[in-house]
Amino acid sequence: MSVPLYQAKAELFRTLGHPVRIRVLELLQDGPKPVRDLLAAIDVEASNLSQQLAVLRRAGMVTTYRDGALVMYALSTPDVADLLAAGRRILGAVLADRDGLLDELRAGGASQ
């Protein structure tokens, strides 16, 4: 029995629900990176990063390949970067709306 599309989408967004996973995906937008580079850029224990990378691999958001002795991580598709960009746009719009409301409240807006 297949999973309904809405459930698959919910799983995708749950995968994005951890700051370390988001940061890894952001870093991989610039191209493939070995674990050591990811560790240098993210302030987490190696075991925590390993767990988060495993979640991203299982979800199909990152792929791995060997480059000599290094295991390289890469975004599985450019669509992952597009999704992150959409998230930034949505967050920007939401925060802009909140700033507008805050400015209106501070000014004692007439629409109270």
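Counting heavy atoms from C-beta on, the side chains of Val55 and Arg21 come closer than 4.5 Å. The shortest distance between side-chain heavy atoms of Leu53 and Thr64 does not fall below 4.5 Å. A heavy-atom distance below 4.5 Å is found between the side chains of Leu70 and Arg36. Annotation: side chain of Met61 is in contact with side chain of Leu12 (closest heavy-atom distance under 4.5 Å). For the pair Asn48/Gln51, a side-chain contact is recorded, criterion being any heavy-atom separation below 4.5 Å from C-beta on.
Cluster membership check: Ile42 shares its hydrophobic cluster with Leu39, using side-chain heavy-atom separations under 4.5 Å among Ile, Leu, Val, Met, Phe, Trp and Tyr. Linking ILVMFWY side-chain heavy atoms closer than 4.5 Å, directly or via other members, places Leu49 and Met72 in two distinct hydrophobic clusters. Cluster membership check: Phe13 shares its hydrophobic cluster with Val20, using side-chain heavy-atom separations under 4.5 Å among Ile, Leu, Val, Met, Phe, Trp and Tyr.
Taken to the nearest 0.5 Å, the CG atom of Asp67 stands 13.5 Å off from the NZ atom of Lys33. Going from atom OG of Ser50 over to atom CZ of Arg57 covers 6.5 Å, rounded to the nearest 0.5 Å.
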Walk me through it: do Asp37 and Leu27 pass the test side chain to side chain contact (heavy atoms under 4.5 Å, CB included)?
CA-CA 9 Å; Asp37 290 2; Leu27 291 168; over 6 Å; no
Stepwise, does the side chain to side chain contact (heavy atoms under 4.5 Å, CB included) test hold for Leu91 with Arg88?
CA-CA 5 Å; Leu91 186 57; Arg88 281 191 297 275; 5.8 Å; no
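Leu75 and Thr63 make their closest contact through O-OG1, 4.3 Å (heavy atoms, listed as atom of the first residue, atom of the second, distance). Residues Ser76 and Gly60 share a closest heavy-atom pair of OG-O, 2.6 Å. Ala81 and Gln29 get closest at one heavy-atom pair: CB-OE1, 3.4 Å.
When each of Val80, Leu28, Val62 is paired with Leu56, the side-chain contact (heavy atoms from CB on, under 4.5 Å) condition holds for Val62 and for no other.
Around CG of Asp79, the count of heavy atoms belonging to other residues, nucleotides or ligands within 6.0 Å exceeds 12. Atom OH of Tyr6 sits in a sparse spot, with 12 or fewer heavy atoms from other residues, nucleotides or ligands closer than 6.0 Å.
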